[in-house]
Amino acid sequence: MSTNSDAAELFREIADLLDVLGEKFKPEAYRRAARSIESLTEDLKAVAARGDLRTIPGVGEAIAEKIEEYLTTGKVDYYERLTKQVPPGIADLLRLPSLGPKTARRFWLELGVEGPNELAAAIEAGRLTGLKGFGPKKIEQVRAALAAAKAAPPSGRMPIEEAYPIAQRLLAGLRASAGAEQLEIAGSFRRCRETVGDLDLLATSETPARVFDAFSALPDVREVRLRGPTKETVILTNGLQVDLRVVEPEEFGAALLYSTGSKDHNVRLRTIARDRGLKINEYGIYRGEERVGGRTEEEMYRALRLAWIPPEIREDRGEVEQAARGAVPRLVESGDLAGDLHVHLPDEARPADVDRVVADARRAKLRYVGIVVTGVRADGSKFELPGPVLERIAQASSAALRLERVREVPADSAPEAVPPEADLLVVRPTRSAPRPTARKPGATFGPIVAHVGGEDAARPWIEWLRGASGAIEVGPGPERIDSVSARAALEAGIGLVVVTGVGRDPEDPAAPISLGFARRAGAEKGSVRNAASAAAVTRSGSAARPARSRSGA
DNA sequence: GCCGTTTTCGGCCCGACTGTTTTCAGTCG
């Protein structure tokens, strides 16, 4: 899969170079192609082998040829030629905040500056003063940006599970301070992307200034970068940027739609609007002077004659066409989850831990919970729950809430080796058995694969599970699969297991993010193993067959 | 460079904010 991200990176670099060269629309075209390639569930090589490169959104004749060239030779001549035209350090200038292609180009052509170090030297030498459009503030801004870039390495995007508690704190802080009425997090956080570049908060309020004052005063906030009448941008102590916009209630839906994105989704909606004689902006949707919607997202989509589209799938990957046909998938919801198939008790587990799991499960209205009773850790060592805990599991199981015993086996175990008292089987890659064996599972129940590490590790497991009625755990962190792999799993007819939060710290964001990733992958209820009834999933249930997972994509 | 049930050519989202400006350019999202 790394071919895909490498190719995407190459096209991004081409876009940067074209930007500096002053090209108008090509850079966006290359970036669009890069985004599409990155979100592909399939290896670029496989797509190319089928001759389907041009079916990738944003990939036309020219870029398809460059992909072919890259796949066969490992290089792209066009890129090599561009790098000869632009000094290598110029692209680094673009990474500086407040400095874009126009400015980078001017520094290069008018000052002969070819990179960040030379720019810093030019500022020290006073060579920027007198340059048209460069007053003292602008020069100071560039100088500060250079110093900041040097001090702190470019932060990049943050894993969503890391941003999650921060976002919750900011929401809680803003709710506690009077003034904000409606309040939502938009952006890629709302779409539940695996990583977020910043946080986008949106509020309605009679008194925006008070909301901004309260926001700036939150303990997580390090500095206010900019503040206008409707918008404030701050930097948190951990370096994360957060934008807060305050809008009128009748604009809230339009602003939420706009700031949720994705960019490609928005562009698609605006194109449709234009074709239908409408105009969309972040304040509403208009036919000529007449305003035809904007208070809610539903109003916005309805005005375009589209069904509302869940944020997680707003990526311009066909969801707009589905909405036009009224065929938006009904994505799995937390209320669909009927059980949990993978609960670990703490080390040194005691009967009271079982009681806590039972209480959690009742609160979540689950009908069954699979508790890992014996298994193997990542280092290969074995563990087993003590007798009193096993007894409590047996006692506490009821018709209303069935407790199942789960055996976790190393990746290379033959399913036949699993003793009959283990009702559910979780396959766990370990250090000594990180990959599946060639052996297909033969058990009545498709195995669940969990503790898989990362995108590259997921692929062989998806192949292994194909046709085996198996399922794979989706969610944040290195031990689960992300939404891209989850989409590949669904396309292969493999079910997903969603984390419920039972037996976990209430602050642990694994459950909501797991659900978000599953939705992002396009999973419907029928594709989620633990949305099926107890009877369909467990051995003690009457039906022996697991719910056959259906692709939701 | 991509794209198209109005188009194979002529478009390409659109507005806030900042700094530098006598009316706008650049950056950002």
Side-chain angles (χ1 to χ4, degrees), chain A residues 11 14-15 17-36 53-67 76 78 82 93-107 128-142 144-145 186-189 196-202 208 212 224-233 241-247 251 254-255 257-286 316 321 324-325:
Chain A
F11 287 130
I14 290 177
L17 293 170
L18 290 170
D19 249 340
V20 175
L21 289 171
E23 288 280 356
K24 200 88 180 75
F25 296 105
K26 285 187 192 180
E28 250 335 281
Y30 277 97
R31 289 198 182 96
R32 165 113 217 266
R35 288 196 297 272
S36 282
L53 285 177
R54 302 214 28 200
T55 64
I56 300 170
V59 174
E61 192 182 344
I63 293 185
E65 272 175 21
K66 291 182 178 72
I67 295 174
V76 173
Y78 181 61
L82 287 175
L93 293 181
L94 296 181
R95 318 256 187 282
L96 296 171
S98 77
L99 204 157
K102 297 269 171 54
T103 315
R105 181 179 167 81
R106 287 190 59 198
F107 286 158
L128 266 64
T129 40
L131 205 59
K132 204 175 128 214
F134 279 85
K137 279 192 169 180
K138 190 79 196 170
I139 294 172
E140 173 52 27
Q141 197 177 43
V142 174
S188 49
F189 185 94
V196 298
D198 65 2
L199 289 176
D200 298 288
L201 271 55
L202 190 64
F212 291 139
V224 175
R225 179 153 289 179
L226 61 85
R227 176 166 169 176
T230 66
K231 179 179 163 179
E232 179 169 65
T233 297
Q241 177 174 319
V242 186
D243 297 336
L244 171 63
R245 297 174 53 92
V246 177
V247 301
E251 302 165 343
L257 179 64
Y258 164 80
S259 54
T260 297
S262 68
K263 186 187 173 76
D264 291 332
H265 183 83
N266 285 353
V267 168
R268 173 56 62 97
L269 293 186
R270 288 194 152 120
T271 307
I272 288 178
R274 198 192 52 216
D275 292 349
R276 298 193 174 164
L278 298 161
K279 197 182 88 157
I280 294 183
N281 59 27
E282 59 218 274
Y283 301 109
I285 181 162
Y286 306 86
D316 192 25
E321 289 72 12
R325 294 198 310 271

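A note on names: the letters A, B, ... follow the listed sequences, proteins ahead of strands, and every chain is numbered from 1. None of the values given here were measured: they were computed from a predicted structure.
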Side chain of [X] only, heavy atoms from C-beta on: which candidate in [options] is closest?
{"X": "Lys26(A)", "options": "dG1(B), dG15(B), dC17(B)", "result": "dG1(B)"}
{"X": "Tyr30(A)", "options": "dC17(B), dT27(B), dG1(B)", "result": "dG1(B)"}
{"X": "Tyr78(A)", "options": "dA16(B), dT20(B), dG1(B)", "result": "dG1(B)"}
{"X": "Lys279(A)", "options": "dC14(B), dG29(B), dG1(B)", "result": "dC14(B)"}
{"X": "Lys138(A)", "options": "dT20(B), dC17(B), dG1(B)", "result": "dT20(B)"}
{"X": "Arg245(A)", "options": "dA16(B), dG26(B), dT20(B)", "result": "dA16(B)"}
{"X": "Lys102(A)", "options": "dC17(B), dG15(B), dG26(B)", "result": "dG26(B)"}

*Thinking salt bridges, do Lys137(A) and Glu140(A) make one under a 4.0 Å N-O criterion?*
no
*Give a yes or no on whether a salt bridge exists between Arg54(A) and Glu65(A), defined as a side-chain N under 4.0 angstrom from a carboxylate O.*
no
What interatomic distance, in whole Å, is found between [atom1] of [M] and the corresponding atom of [N]?
{"N": "dA16(B)", "M": "dG11(B)", "atom1": "P", "result": "25 Å"}
{"N": "dT22(B)", "M": "dT27(B)", "atom1": "C1'", "result": "22 Å"}
{"N": "dT8(B)", "M": "dG1(B)", "atom1": "C1'", "result": "14 Å"}
{"N": "dG15(B)", "M": "dG10(B)", "atom1": "P", "result": "25 Å"}
{"N": "dC2(B)", "M": "dT7(B)", "atom1": "C1'", "result": "14 Å"}
{"N": "dA25(B)", "M": "dT20(B)", "atom1": "P", "result": "16 Å"}

Between [X] and [N], is there a contact of a side-chain N or O with OP1 or OP2 at under 4.0 Å?
{"X": "Thr103(A)", "N": "dT27(B)", "value": "yes"}
{"X": "Tyr283(A)", "N": "dA16(B)", "value": "yes"}
{"X": "Lys132(A)", "N": "dA25(B)", "value": "no"}
{"X": "Asn281(A)", "N": "dC14(B)", "value": "no"}

*Verify the neighbour count for atom CD of Glu321(A): are there more than 12 heavy atoms of other residues, nucleotides or ligands below 6.0 Å?*
yes
Pick base, sugar-phosphate or nothing for [X], based on heavy-atom distances below 4.0 Å to the nucleic acid.
{"X": "Gln241(A)", "value": "sugar-phosphate"}
{"X": "Pro27(A)", "value": "nothing"}
{"X": "Ile280(A)", "value": "sugar-phosphate"}
{"X": "Arg32(A)", "value": "nothing"}
{"X": "Thr233(A)", "value": "nothing"}
{"X": "Ile139(A)", "value": "nothing"}
{"X": "Leu269(A)", "value": "nothing"}

*May I ask you to verify whether the side chain of Tyr258(A) and the base of dG29(B) hold a donor-acceptor pair under 3.5 Å?*
yes
Roughly, in whole Å, what's the span from [atom1] in [X] to [atom2] in [N]?
{"X": "Phe25(A)", "N": "dC9(B)", "atom1": "CZ", "atom2": "P", "answer": "18 Å"}
{"X": "Glu28(A)", "N": "dC3(B)", "atom1": "CD", "atom2": "C1'", "answer": "15 Å"}
{"X": "Lys263(A)", "N": "dC12(B)", "atom1": "NZ", "atom2": "P", "answer": "14 Å"}
{"X": "Asp316(A)", "N": "dC3(B)", "atom1": "CG", "atom2": "C1'", "answer": "12 Å"}
{"X": "Lys24(A)", "N": "dG26(B)", "atom1": "NZ", "atom2": "C1'", "answer": "11 Å"}
{"X": "Leu131(A)", "N": "dA25(B)", "atom1": "CG", "atom2": "P", "answer": "17 Å"}
{"X": "Phe134(A)", "N": "dG26(B)", "atom1": "CZ", "atom2": "C1'", "answer": "9 Å"}
{"X": "Arg274(A)", "N": "dT6(B)", "atom1": "CZ", "atom2": "P", "answer": "12 Å"}

*Is the gap between the ring centers of Phe134(A) and Phe107(A) under 6.0 Å?*
yes
*May I ask you to check if Lys66(A) and Phe11(A) form a cation-pi contact, with NZ or CZ under 6.0 angstrom from the six-membered ring centre and within 45° of the axis?*
no
*Does a donor on one side chain and an acceptor on the other come within less than 3.5 Å for Asp243(A) and Thr233(A)?*
yes
*Could you check Arg31(A) against Asp19(A) for salt bridge (charged side-chain N to carboxylate O under 4.0 Å, His left out), going step by step and ending with a plain yes or no?*
CA-CA 11 Å; Arg31(A) 289 198 182 96; Asp19(A) 249 340; 2.8 Å; yes
*Map Pro101(A) and Gln141(A) onto DNA chain B by nearest heavy atom, then report which one ends up closer to the 5' terminus.*
Gln141(A)
*Glu61(A) or Gly228(A): which one's nearest nucleotide on DNA chain B is closer to the 5' end?*
Glu61(A)
*Looking at the angle O4'-C1'-N9-C4 for a purine or O4'-C1'-N1-C2 for a pyrimidine, is dT21(B) syn or anti, with syn meaning within 90° of 0?*
anti
*Stepwise, does the side chain to side chain contact (heavy atoms under 4.5 Å, CB included) test hold for Leu199(A) with Leu244(A)?*
CA-CA 8 Å; Leu199(A) 289 176; Leu244(A) 171 63; over 6 Å; no
*asked:* Strictly by Watson-Crick or wobble contacts shorter than 3.5 Å, is anything paired with dT8(B), and which nucleotide is it?
replied: none
